[in-house]
S.K.: 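Take a look at the following structure, please.
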Amino acid sequence: MRPHKLLPMNIIERIQHGVVDAVKTLYGADITPESITMNSTRKEFEGDYTVVVFPYAKVARKKPEQIGEEVGAQLVEQVAEISGYNVIKGFLNLSVSDDFWVQFLDRIAGQDNYGRQAPNGQKVMVEFSSPNTNKPLHLGHIRNILLGWSTAQILEAAGYEVVKVQVVNDRGIAICKSMLAWQRFGEGATPASTGTKGDHFVGEYYVRFEQEFQKEYDAWQASTAGQQALQQFLADEKAVKKAEKALAEARKKAKNEAARQGETYTEEAHTLERYFFKNIYKNTYFNEYSELGQAAKAMLLKWEAGDEEVMQLWKQMNAWVYEGFDETYDKLGVSFDKLYFESDTYLLGRDAVKQGLEKGVFYEKEDGSVWIDLTDAKLDHKLVLRKDGTSVYITQDIGTAQERYKDFGVDKMVYVVADEQDYHFQVLFETLRRLGAPYADGLFHLSYGMVDLPTGKMKSREGTVVDADDLIAEVVAEAKNNAEERDTLSDLNAEAQQEIMRQVGLAALKFFIIKVQPQKRMTFDPKESVDMQGQTGPYVQNAYVRIQSVLRKAGEQDLSAASAYKKLETAERDLIAQLYAFPALIAEAAEAYDPSSVANFSYDLAKSYHRFYHDYSILNAETKAAKAFRIKLSKAVAHSLKLALELLGIEVPSRM
RNA sequence: GGUCCCGUAGCUCAGCUGGAUAGAGCGGCGGACUUCUAAUCCGCAGGUCGUAGGUUCGAGCCCUACCGGGAUCACCA
């Protein structure tokens with residue numbers, strides 16, 4: 001056996017350097033290691049890694065096949081870990097020695113933290129969830145929360161110190177609507193008195209407000225004032241033309257939608273009059289005529305003035321909501337290091353604007369409003385302070401970013417926010433950059449696509465929004481059905497069973513959502529989300545559970561015989577190679593802020609293990625060495641499966 | 001109209017900095033449990049990678065145009 005010393009470079013880098021040397025000595029050409037195209041060898045060919053040698057045909061002035069032969073021969077000679085090669089067309093397939101893999105497995109077998117990088121001294125903040133406090137969490141929040149949590153875990157594994165935060169949108173007209181409705185129609189009811197979860201309780205009053213407002217608005221539309229508003233609009237040719245264009249598009253969409261759903265499309269639902277009242281005039285009505293609108297606005301003013309009664313009501317309602325949110329977060333298994341409340345931060349940022357104005361980052365218009373000119377960054381002019389000196393959304397975000405930097409001194413900030421705010425974050429980041437924020441280069445908007453249902457978009461107005469709590473209950477119930485059919489847990493007490501079903505059900509839901517790349521819009525089919533077979537969370541958990549079962553049966557084992565195992569099966573090499581690639585994959589996932597790649601990795605690893613498990617016996621392996629080796633390998637696979645799922649926020653049961 | 005994102009099998013999705021015959025799962029069909037958990041495994045069927053050009057030894061991936069879906073272009077948040 002060739003002595004193997006631990007080398008600083010990994011096998012991939014060693015191959016690359018070997019190729020650089022070979023090309024230099026054989027053909028006298030200089031290439032860089034990064035320029036080499038290297039892949040894992042495809043299953044149908046022999047080998048572990050493949051180097052593409054087409055690009056060297058020019059400098060070598062030889063056929064790709066010949067280059068492959070020459071480089072391959074030299075690599076076997078020069079790189080100790082390469083045991084053989086074969087060439088097909090321009091592809092040089094390299095085999096890594098079994099020795100190397102066996103020793104690698106031996107090395108990681110003792111590492112409790114394999115896959116996790118040492119701290120890199122950098123600190124990153126991840127903001128996610130950030131709900132409004134006027135209604136409960138829904139499916140969209142779940143995607144956000146899972147992405148945020150998972151990204152935070154991945155960054156931590158990659159060596160960052162991570163601070164998880166959210167901005168709670170606890171103020172504004174929305175919560176005032178809930179407050180007002182409760183005041184008028186609540187008759188002193190509480191979550192406790194009605195047996196309702198706090199966030200749902202408050203959400204009901206928000207809905208109630210909207211219903212009452214709609215009633216009021218409908219009546220007004222028929223009134224003289226309403227008809228006058230309509231006539232006035234109809235007289236404005238330009239406005240009508242514009243509306244008709246938009247209306248035509250809306251009709252087209254509605255028709256397509258109806259056709260897709262097999263429903264009938266009615267023209268009456270899309271008249272110009274309806275369009276006017278629904279899409280053009282509603283805000284004006286709310287702000288200028290609506291009694292309820294006036295009352296809600298008055299309440300907001302009182303809140304801003306610190307009116308005691310309003311403040312008390314506000315605190316009460318938000319407290320109910322937080323109680324509900326906490327329950328949902330608990331069920332999802334997520335937590336935060338710090339909460340920022342909009343009621344505290346909404347006035348921030350004005351000082352920053354003043355300083356920026358002095359530095360010339362912003363400019364003032366004649367009316368006193370303050371703007372930033374981002375046209376040279378291919379963006380537009382953007383208002384940062386109204387003429388009356390009050391702030392807008394982005395002002396607050398500028399202030400909040402600075403506040404956070406003061407609080408934690410982070411190097412990076414990741415905002416997990418849906419892609420409808422892409423433009424906002426471009427503007428925000430560019431503005432912070434110009435203000436000279438030291439963390440400017442570390443700003444990242446983790447933008448994700450909306451979640452659609454098989455029936456189309458979620459629309460709160462049409463009641464098609466999928467509630468987070470309902471969804472969680474559903475997947476856990478489905479896990480329970482599955483478990484009962486299987487009857488593998490009947491010797492456990494009810495509590496232990498329930499815990500496993502919770503873990504399995506949530507695994508199905510979480511994996512289903514995280515496996516899709518963030519930037520893609522995703523279709524959420526409730527039926528598929530509770531699937532537990534195939535490419536699912538429970539499938540990955542099951543691989544782990546099978547290993548635990550084997551390990552239980554194996555009992556305490558002396559695994560030293562494993563090093564005598566000399567000839568690896570293909571399935572075993574596959575598994576070890578995947579384990580080998582794991583740390584780099586985590587690093588890439590962290591760099592790209594992409595949890596979906598970790599989900600895919602976990603699935604691939606589980607799949608390889610399931611196949612291995614099916615094809616080879618572990619406890620009844622042909623030799624002592626094979627048995628010890630396979631137990632060792634299984635343990636290492638279990639460790640990486642567990643870590644991978646942990647990075648996705650998925651727990652692993654030891655039975656299921 | 002300007003800008004951005006997406007378009008891969010019936011459905012849901014992978015496809016790493018361009019590399020071999022484009023891969024999984026679900027659904028369909030057919031097999032494998034007296035043997036370590038069958039929430040598993042194996043086989044079959046299923047594709048003009050939205051369309052048309054271009055760059056390249058080589059394009060699902062890069063460039064251009066177009067088509068389809070979505071978002072955004074507020075002194076809303």
Side-chain angles (χ1 to χ4, degrees), chain A residues 34-42 44-45 50 52 54-55 57-58 64 88-91 93 132 169 171-174 253 256 283 342 346 367 369 371 378-380 382-388 390-394 396-397 418-424 426 447 449-450 452 454 457 479 482-483 485-486 488 504 508 512 515-517 519-525 527-529 531-543 545-554 584-585 588 592 596-597 599-600 603-604 606-607 610-611 613-621 630 634 655-656:
Chain A
E34 303 77 46
S35 72
I36 297 167
T37 306
M38 251 184 87
N39 301 325
S40 297
T41 302
R42 299 176 66 125
E44 57 266 41
F45 303 109
T50 297
V52 182
F54 284 108
K58 258 182 209 154
I88 298 168
K89 292 194 277 186
F91 300 95
N93 300 321
N132 290 317
N169 299 299
R171 64 167 285 279
I173 195 72
K253 266 185 206 168
N256 288 342
N283 266 338
E342 211 196 27
Y346 81 111
D367 65 0
S369 60
W371 298 69
K378 288 186 185 162
L379 300 166
D380 210 337
K382 175 78 189 174
L383 176 102
V384 292
L385 220 51
R386 295 191 184 100
K387 64 182 174 193
D388 62 3
T390 57
S391 17
V392 289
Y393 183 47
I394 199 157
Q396 186 189 139
D397 269 351
D419 62 9
E420 58 192 351
Q421 294 199 38
D422 283 355
Y423 183 76
H424 169 75
Q426 280 186 36
S447 167
M450 294 288 176
D452 291 323
K457 280 188 178 186
N482 272 283
E485 271 174 40
R486 234 180 309 276
T488 51
V504 173
F512 185 74
K515 73 175 182 185
V516 180
Q517 289 175 346
Q519 74 270 22
K520 294 202 181 180
R521 233 183 144 80
M522 68 172 291
T523 308
F524 183 90
D525 187 336
K527 281 204 295 287
E528 284 179 23
S529 72
D531 275 351
M532 310 211 168
Q533 287 161 11
Q535 196 178 44
T536 67
Y539 174 96
V540 182
Q541 285 177 320
N542 187 234
V545 163
R546 286 178 130 184
I547 295 171
Q548 297 314 305
S549 180
V550 169
L551 294 179
R552 273 195 300 273
K553 289 236 162 63
L585 180 118
E588 282 164 27
S596 72
S597 60
N600 284 312
Y603 172 72
D604 288 339
K607 188 176 162 69
H610 277 308
R611 187 204 285 256
Y613 179 92
H614 178 268
D615 289 348
Y616 299 94
S617 183
I618 297 162
L619 298 179
N620 295 315
R630 286 176 188 164
S634 297
R655 296 176 49 178
M656 64 192 279

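Since the structure is predicted, the reported quantities are computational estimates derived from the model, not experimental observations. Every chain is numbered from 1 and lettered A, B, ... according to where its sequence line falls, protein lines coming before strand lines.
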S.K.: Can you tell me how far C1' of U3(B) sits from CD of Gln426(A), to the nearest Å?
M.R.: 8 Å
S.K.: Can you say whether a donor on the side chain of Arg486(A) sits under 3.5 Å from an acceptor on the base of A39(B), or the other way round?
M.R.: yes
S.K.: What's the gap between C29(B) and C66(B) when it is taken at their P atoms, as a whole Å value?
M.R.: 46 Å
S.K.: Determine whether Val384(A) and Trp371(A) satisfy the following criterion, side-chain contact (heavy atoms from CB on, under 4.5 Å), listing intermediate values before the conclusion.
M.R.: CA-CA 5 Å; Val384(A) 292; Trp371(A) 298 69; 5.8 Å; no
S.K.: Say you pick atom C1' in G47(B) and the same atom in G60(B); how far apart are they, in whole Å?
M.R.: 12 Å
S.K.: Measure the spacing between CZ of Arg521(A) and CG of Asp452(A) and express it to the nearest 0.5 Å.
M.R.: 4.0 Å
S.K.: For Ala508(A) and Met532(A), which heavy atoms make the closest approach, and how far apart are they?
M.R.: CB-CE, 4.2 Å
S.K.: Within the structure shown, what part of the strands sits under 4.0 Å from Glu44(A) by heavy-atom distance: base, sugar-phosphate, or nothing?
M.R.: nothing
S.K.: Give the minimum heavy-atom separation between Ala418(A) and Ser447(A), together with the two atoms involved.
M.R.: C-OG, 4.4 Å
S.K.: Produce the list of close N/O pairs, under 3.5 Å, pairing protein atoms with atoms of nucleotides 28-31 of chain B; give distances to one decimal.
M.R.:
none

S.K.: Roughly how many Å is it from CD1 in Ile618(A) to P in C36(B), rounded to a whole number?
M.R.: 12 Å
S.K.: I need a per-nucleotide contact map over nucleotides 62-77 of chain B, read 5' to 3'. Cutoff is protein heavy atoms under 4.0 Å; write B for the base, S for backbone only, - otherwise.
M.R.: --------SSS--BSB
S.K.: For the P atoms, the ones on C75(B) and on G70(B), what distance do you get once it is rounded to whole angstrom?
M.R.: 26 Å
S.K.: For a 4.5 angstrom cut-off between non-hydrogen side-chain atoms, does Met450(A) reach Lys457(A)?
M.R.: no
S.K.: What is the distance from CZ of Arg611(A) to C1' of G43(B), rounded to the nearest Å?
M.R.: 12 Å
S.K.: Please verify the inter-ring angle class for Phe512(A) with Phe524(A); under 30° counts as parallel, over 60° as perpendicular, anything in between as tilted.
M.R.: perpendicular
S.K.: Once you apply a heavy-atom cut-off of 4.0 Å, does Thr536(A) come out as touching a base, just sugar-phosphate, or nothing?
M.R.: nothing
S.K.: When you compare C5(B) with G23(B), how far apart are their P atoms, in angstrom units rounded to a whole number?
M.R.: 28 Å
S.K.: Tell me if a side-chain donor or acceptor on Arg486(A) pairs with a main-chain N or O of Met656(A) at a distance below 3.5 Å.
M.R.: no
S.K.: Within the structure shown, what part of the strands sits under 4.0 Å from Tyr346(A) by heavy-atom distance: base, sugar-phosphate, or nothing?
M.R.: nothing
S.K.: Compare every heavy atom of Lys387(A) with every heavy atom of Asp367(A), then report the nearest pair and how far apart it is.
M.R.: O-CB, 3.2 Å
S.K.: If every non-hydrogen atom of Leu385(A) is compared with every non-hydrogen atom of Leu383(A), which pair is closest and at what distance?
M.R.: O-CD1, 3.4 Å
S.K.: Can you check the Phe54(A) CZ to G19(B) P distance for me, whole Å?
M.R.: 12 Å
S.K.: Go through Asn600(A) and Gln535(A) one step at a time and tell me if the side-chain contact (heavy atoms from CB on, under 4.5 Å) criterion holds.
M.R.: CA-CA 9 Å; Asn600(A) 284 312; Gln535(A) 196 178 44; 4.2 Å; yes
S.K.: Tabulated below should be each protein N or O lying under 3.5 Å from an N or O of nucleotides 16-18 of chain B; please produce it.
M.R.:
residue: U17(B); atom: O4; partner: Met38(A); partner atom: O; Å: 3.4

S.K.: For the residue pair Gln548(A) and Val545(A), establish whether any side-chain heavy-atom pair is separated by less than 4.5 Å.
M.R.: no
S.K.: Decide yes or no for Thr50(A) and Arg42(A): does some side-chain heavy atom of the first lie under 4.5 Å from some side-chain heavy atom of the second?
M.R.: no
S.K.: Check Lys515(A) against Ala599(A) and note the closest heavy-atom contact, atom names and distance.
M.R.: CA-CB, 3.9 Å
S.K.: Using OP1 and OP2 only, check whether a side-chain N or O of Tyr539(A) sits under 4.0 Å from C41(B).
M.R.: yes
S.K.: Taking the nucleotide of RNA chain B with the nearest heavy atom to each, does Arg42(A) or Asn600(A) sit closer to the 5' end?
M.R.: Asn600(A)
S.K.: Quantified in whole Å, what is the P atom distance between nucleotide C61(B) and nucleotide G1(B)?
M.R.: 26 Å
S.K.: Hey, which of these two, Thr488(A) or Lys607(A), hits RNA chain B nearer its 5' end, going by closest nucleotide?
M.R.: Lys607(A)
S.K.: Would you mind reading off the distance between Arg546(A) atom CZ and U35(B) atom P, rounded to a whole angstrom?
M.R.: 13 Å
S.K.: Round to the nearest Å and state the distance from Ile88(A) atom CD1 to G19(B) atom C1'.
M.R.: 14 Å
S.K.: Under 3.5 Å, which N/O atoms of the protein pair with N/O atoms of nucleotides 7-12 of chain B?
M.R.:
residue: G7(B); atom: OP1; partner: Lys520(A); partner atom: NZ; Å: 2.9

S.K.: Mind checking Tyr603(A) for me? I need base, sugar-phosphate or nothing, with any heavy atom below 4.0 Å counting as a touch.
M.R.: sugar-phosphate
S.K.: Whether Lys89(A) contacts U21(B) is assessed here as follows: a side-chain N or O lying under 4.0 Å from the phosphate OP1 or OP2. Is that the case?
M.R.: yes
S.K.: Kindly say whether, by distance alone, the side chain of Thr50(A) makes a donor-acceptor pair under 3.5 Å with the base of A20(B)?
M.R.: yes
S.K.: Would you kindly give the CG-to-C1' distance between Leu585(A) and G15(B), to the nearest whole Å?
M.R.: 14 Å
S.K.: Quick check: does any side chain N or O of His610(A) sit under 3.5 Å from a backbone N or O of Tyr539(A), one acting as donor and the other as acceptor?
M.R.: yes
S.K.: According to the Watson-Crick and G-U wobble definition with distances under 3.5 Å, which dot-bracket string, read 5' to 3', encodes RNA chain B, using [ ] for crossing pairs and | for pairs with another strand?
M.R.: (((((((..((((.....[...)))).(((((.......))))).....(((((..]....))))))))))))....
S.K.: Take Tyr613(A) and Ile547(A) through the side-chain contact (heavy atoms from CB on, under 4.5 Å) test and state the conclusion after the steps.
M.R.: CA-CA 9 Å; Tyr613(A) 179 92; Ile547(A) 295 171; over 6 Å; no
S.K.: Provide the distance between the two P atoms, one in G15(B) and one in A24(B), to the nearest whole Å.
M.R.: 15 Å
S.K.: Where the side chain of Arg386(A) meets the backbone of Ser391(A), is there a donor-acceptor pair that is under 3.5 Å apart?
M.R.: yes
S.K.: Lys378(A) near the nucleic acid: base, sugar-phosphate alone, or nothing, with a heavy-atom cut-off under 4.0 Å?
M.R.: nothing
S.K.: Among G15(B), C36(B), A39(B), which nucleotide has an atom closest to any side-chain atom of Gln517(A)?
M.R.: G15(B)
S.K.: Please state the C1' separation for the pair U55(B) and C63(B) - nearest whole angstrom.
M.R.: 7 Å
S.K.: Whole angstroms only, please: what is the CG-C1' distance between Asn542(A) and C36(B)?
M.R.: 13 Å
S.K.: Pro64(A) near the nucleic acid: base, sugar-phosphate alone, or nothing, with a heavy-atom cut-off under 4.0 Å?
M.R.: nothing
S.K.: For Asp419(A) versus Gly449(A), what's the shortest heavy-atom pair and its separation?
M.R.: OD2-CA, 3.5 Å
S.K.: Please classify the nucleic acid contact of Phe91(A) as base, sugar-phosphate, or nothing, using heavy-atom distances under 4.0 Å.
M.R.: base
S.K.: Pull up the glycosidic torsion of C33(B) and say syn or anti, syn being anything within 90° of 0.
M.R.: syn
S.K.: Residues two or more places apart in sequence or in another chain: which of them pass side-chain contact (heavy atoms from CB on, under 4.5 Å) with Tyr393(A)?
M.R.: Asp397(A), Gln421(A), His424(A)
S.K.: With a 4.5 Å cut-off on side-chain heavy atoms, are Ser634(A) and Val550(A) touching?
M.R.: no
S.K.: Quantified in whole Å, what is the P atom distance between nucleotide U51(B) and nucleotide G2(B)?
M.R.: 24 Å
